[in-house]
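Remember, predicted model here, so these are calculated numbers, not experimental data. Lettering of chains follows the sequences in order, A, B, ..., and the numbering in each one begins at 1.
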Amino acid sequence: MHKSGRGHRDKVQQFMAITGSSEKAAIQALKASDWHLEGAFDVFYSQPHIRTVTDSRHLEELYNRYKDPYVDMILVDGITLLCNDLQVDPQDIVMLVISWHMKAATMCEFSRQEFIGGLQFLGIDTTEKFRDKLSYMRSELKDEQKFREIYNFAFGWAKEKGQKSLALDTAIGMWQLLFAERHWPLVDHWCQFLQVRHNKAISRDTWSQLLEFAKTVDLQLSNYDEEGAWPYLIDEFVEYLTENGIVQSHQN
Amino acid sequence: MSSQKKRNFKIEAFKHRVELDPNYADRTWRVLEHAIHEIYNHNASGLSFEELYRNAYNMVLHKYGEKLYTGLVNTMTGHLKEIARSIEAAQGGFFLEELNVKWGDHNKALQMIRDILMYMDRTFVHSSHKTPVHELGLNLWRDNIIRSSKIQTRLLDMLLDLVHRERTGEVINRGLMRNITKMLMDLGSSVYHEDFEKPFLEVSASFYSVESQQLIECCDCGEYLRKAERRLSEEIERVSHYLDVKSEVKITSVVEGEMIANHMQRLVHMENSGLVSMLVDDKYEDLSRMYNLFRRVPDGLSTIKDVLTSHLRETGKQLVSDPEKLKDPVDFVQNLLDEKDKYDKIISKAFNNDKTFQNALNSSFEYFINLNNRSPEFISLYVDDKLRKGLKGVSEEDVEVVLDKVMMLFRYLQEKDVFEKYYKQHLAKRLLSGKSVSDDTERSMIVKLKTECGYQFTSKLEGMFTDMKTSIDTMQGFYSNQYSEIGDGPTLGVQVLTTGSWPTQPSAPCNLPAEILVICEKFRTYYLGTHTGRRLTWQTNMGTADIKATFGKGQKHELNVSTYQMCILMLFNSVDRLTYGEIEQATEIPPSDLKRCLQSLACVKGKNVLRKEPMSKDIAEDDAFYFNDKFTSKFIKVKIGTVAAQKESEPEKQETRQRVEEDRKPQIEAAIVRIMKSRRVLDHNTIVTEVTSQLQSRFLPNPVVIKKRIESLIEREFLERDKADRKLYRYLA
């Protein structure tokens, strides 16, 4: 019925593969953005989602499947099982996205409320539906706004309960993971710098400002503003880069 | 019909219609013309003023004013042309004289003529807007004499030549010059200016340009300036003698320009004689001359000031960085004081107490004193030295003077909090060892610090004095009390120190000898009896003791030692020999202190009340110590303890600096919170500026440290970053 040319059909396929949406939704979004993929993503994500109604009995069943025998929470074993069912590696970043949807307080555990609430929001009440949603969730990382939210969420989620700061090793692990999704060429230098010069925990402020730094400052640091009120660790990182010749100094 | 309305009656003035003989005018004119001739020929005595006046009057009355005037012009012009010829004919020097004489004549003639023609001046001249007679006379002189082609150039050349000759040392006829220039001025200021002044200034400019070139090649700076000064006063004198007073400022600015402004840089930077060597050698006269000359030209003073500043900074930098000079803190500070004195004197004697120079001095001192981060410590040591012994025999006013000078240096310090730390330490040592020369002087110093820095700076210091005083009262109370039955026992002197006021040096008390312990306990009981709720800890690392010792041949000496040393020595009352290890065990004095004490008791000539085996300076575990029977000294009282303040060793210095840095962090945070609480939202750079200005009376905060404190406050949720603008911070209530 639709007069889509070959190119359009490819785009539709691509769109569906990336977002996990239906064909109808794909065509709608692409049409709205004049058949530009980037724009279509924006359109798609800004639409309120149609929540499919979930069956609370099924949700209970699911929860109980993974819940720890002694505590009313899903702990490490349960999560391992979950990953198995989903055919996903526990280190897979999609677990972070899931935790974000669930507003999980700490990594490696879900409370009843978090789990059930999160699945309800996502419209999932069976393992199959869960599996189907995975590609959609992965795609959310491509959205600038959502990526920032997930990134900032990750800090609170990854740190120890009761601590204000994030242990360096954990932070480095998270950065490696996150910047694999959204490429930042300096991430390795950053991690190395921290291990050599800082060797202490990372504050929330530094964590969130790092993303801004990665997003706004170019790789030659030509638009790095010394007066830009960056956290001092980032100032020191810039010094480290120029000292070690990784980046040419812009001082005259 | 004639439109004749009212006719206004006009009564016409009575006109005396006198029919005149048409030759009347000619005849009358000829009389006057003749008179003018006579006047110019110096034959005026035969003329009747009254008759001539009447003739002129009649001519004007009968409307022959025009003829009279024209006649006057022509006649006068004729005479002037003749006069011009006679002047031109004058030879050499007589030219000016002739001109002068003829000018005088002309003026006299003009006066008479004007008198005769006064009626015409007042009426005809006025109503027909012609030039009045006197002025006319001057103009005609100007046009026919001064501006005559044969005279004009010659006149100027002569005048300029005379000036030149006078400048090169000849004596000239100043009176004649004066008359000539006055003549030019009388002819009109534009005549003076065009015909003399302008060329005069031009010629002067080249004269001085040449002269200054010559002088600068062969003179040193001082000589050159003397010569320039002389030329300047010459010119001023010249003006007063034979030039128009308004020429003064013009000619002086020519001299200033050519001799000074054009060579300013070269003069100032002249090797071995320029500004720098004048400063070094305290050449007040030369400096004063330079100041007075340079202030006349634009940028003159700023040139001096710039060279002064950079010289000060250079020498100052050397003073504070030269390792030789850093060996003795007291010398170091003395050098600074001497340098300040030197330049204060220069500024007052040679630079007219000029405020901008004062400021340059202050900013230079501030710059280099803070180059060396030990300056605060050294200044405190200097004061310590003076308060300890250096002021004996010096009058009270002189003491005040020295301390005031030190305060000036103190003001330059950026790290006043570091000074405070050291001052406290040194003061504590002075007070506790009783080594302060004068309580009044100590107080006076505190007052000065308080005036400079405010109450907080000195409140703890004052606390120390209070403790000392209170302790005296406490001791009196103790001894008059029944608790003390001393008898033969040792006499105890206790200073009770309030922990917060004194610099803390935590140390575990050592083991005191039994006799001492007894009386100490008595004191403790007494004190706690009158002051409940307090805790007393003996600071055995800070006390002193006087011990009576009897040596081998019965010589008695009184030894003044530290508490630690006393504990060691008392051990030898019961045993003859002790190893290091045994002493350590018995006294529980910390090893590093113990070793130092033993070294001062056994290894120093003249103070070796103990004998050491082996005789080496190092102390090993098994080294043995004996009471030195053979000890001799020519003094009855022997001082062995060292409680004097010295400059810190490297590790001590690091420690102090670290403590200072730690102390600064809460101060910075408090400042940030204060500022944010009142401003609510503020950008990063403004916070840094405000914090710096709030703390500047104590120290200069490092912007990086401020940034770290801000981040710490963010983490502790006192502040947050604005969501949209990273540079903005908000106060979280």
Side-chain angles (χ1 to χ4, degrees), chain A residues 144-153 155-156 158-168 171 193-194 197-218 221 223-240 242-243 251, chain B residues 658 661-662 664-695 699-733:
Chain A
E144 283 281 320
Q145 179 58 24
K146 290 196 185 178
F147 181 84
R148 185 198 275 125
E149 286 179 33
I150 294 169
Y151 175 90
N152 282 327
F153 164 81
F155 181 86
K159 71 173 170 64
E160 298 281 327
K161 268 195 268 231
Q163 295 284 354
K164 267 212 149 92
S165 310
L166 180 60
L168 186 58
F193 156 74
L194 286 173
R197 294 281 195 90
H198 182 58
N199 231 356
K200 283 185 281 200
I202 302 292
S203 70
R204 186 183 282 276
D205 185 55
T206 308
W207 174 270
S208 58
Q209 291 300 314
L210 182 72
L211 182 62
E212 297 307 312
F213 183 80
K215 277 165 83 167
T216 52
V217 177
D218 70 46
L221 304 181
N223 60 342
Y224 166 73
D225 179 9
E226 276 174 354
E227 311 282 317
W230 293 106
Y232 83 91
L233 255 189
I234 291 183
D235 290 336
E236 283 183 15
F237 177 56
V238 169
E239 257 178 56
Y240 168 86
T242 36
E243 267 171 37
Q251 252 103 13
Chain B
Q658 211 166 348
E661 291 298 330
E662 282 305 311
R664 286 179 181 176
K665 286 186 186 166
Q667 292 179 65
I668 294 177
E669 285 192 2
I672 296 172
V673 171
R674 254 199 312 273
I675 292 164
M676 289 305 294
K677 201 165 177 185
S678 85
R679 309 280 283 268
R680 295 277 138 185
V681 180
L682 211 52
D683 71 282
H684 184 88
N685 286 342
T686 313
I687 294 185
V688 172
T689 317
E690 294 283 321
V691 167
T692 308
S693 107
Q694 273 204 18
L695 294 172
F699 61 92
L700 195 65
N702 183 337
V704 174
V705 174
I706 298 180
K707 196 184 237 195
K708 288 192 187 174
R709 291 297 100 218
I710 292 177
E711 286 180 36
S712 167
L713 288 168
I714 291 176
E715 192 150 327
R716 282 137 61 201
E717 292 175 34
F718 282 89
L719 304 175
E720 66 175 2
R721 277 186 206 265
D722 182 86
K723 307 260 182 298
D725 181 357
R726 181 186 339 107
K727 291 191 224 171
L728 228 50
Y729 301 105
R730 281 173 198 288
Y731 180 71
L732 294 170

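Contact annotation: the side chain of B:R709 never approaches that of B:V691 to less than 4.5 Å [non-hydrogen atoms, C-beta and beyond]. For the pair B:R716/B:S712, a side-chain contact is recorded, criterion being any heavy-atom separation below 4.5 Å from C-beta on.
The part of B:K707 that comes within reach of chain A is its side chain, from C-beta onward, which places non-hydrogen atoms under 4.5 angstrom from that chain. Looking at B:R726, both its backbone and its side chain come within 4.5 Å of chain A, counting heavy atoms on both sides.
Using a 4.0 Å cut-off between charged side-chain N and carboxylate O, B:E661 and B:R664 make a salt bridge. Under 4.0 Å is where a charged nitrogen must lie from a carboxylate oxygen, and between A:R197 and A:E239 no such pair does.
A side-chain donor-acceptor contact under 3.5 Å links B:T689 to the backbone of B:N685.
For the ring-ring contact (aromatic ring centres under 6.0 Å, His included) condition, the pairs that include at least one residue of residues 708-730 of chain B, sequence neighbours left out, are B:H684-B:Y729.
In this structure, A:K164 places its NZ atom where more than 12 heavy-atom neighbours from other residues, nucleotides or ligands lie under 6.0 Å away.
The nearest pair of heavy atoms linking A:S165 to A:A201 is CB-CB, 3.5 Å. Nearest heavy atoms, B:D725 versus B:D722: N-OD2, 2.9 Å.
With sequence neighbours left out, B:E711 forms a salt bridge (charged side-chain N to carboxylate O under 4.0 Å, His left out) with no residue at all.
Scanning residues 229-238 of chain A against chain B with a 4.5 Å non-hydrogen threshold yields A:A229, A:W230, A:P231, A:Y232, A:D235, A:E236, sorted by number. By a heavy-atom distance cut of under 4.5 Å, A:D205, A:T206, A:Q209 are the residues of residues 205-218 of chain A near chain B, going up by number.
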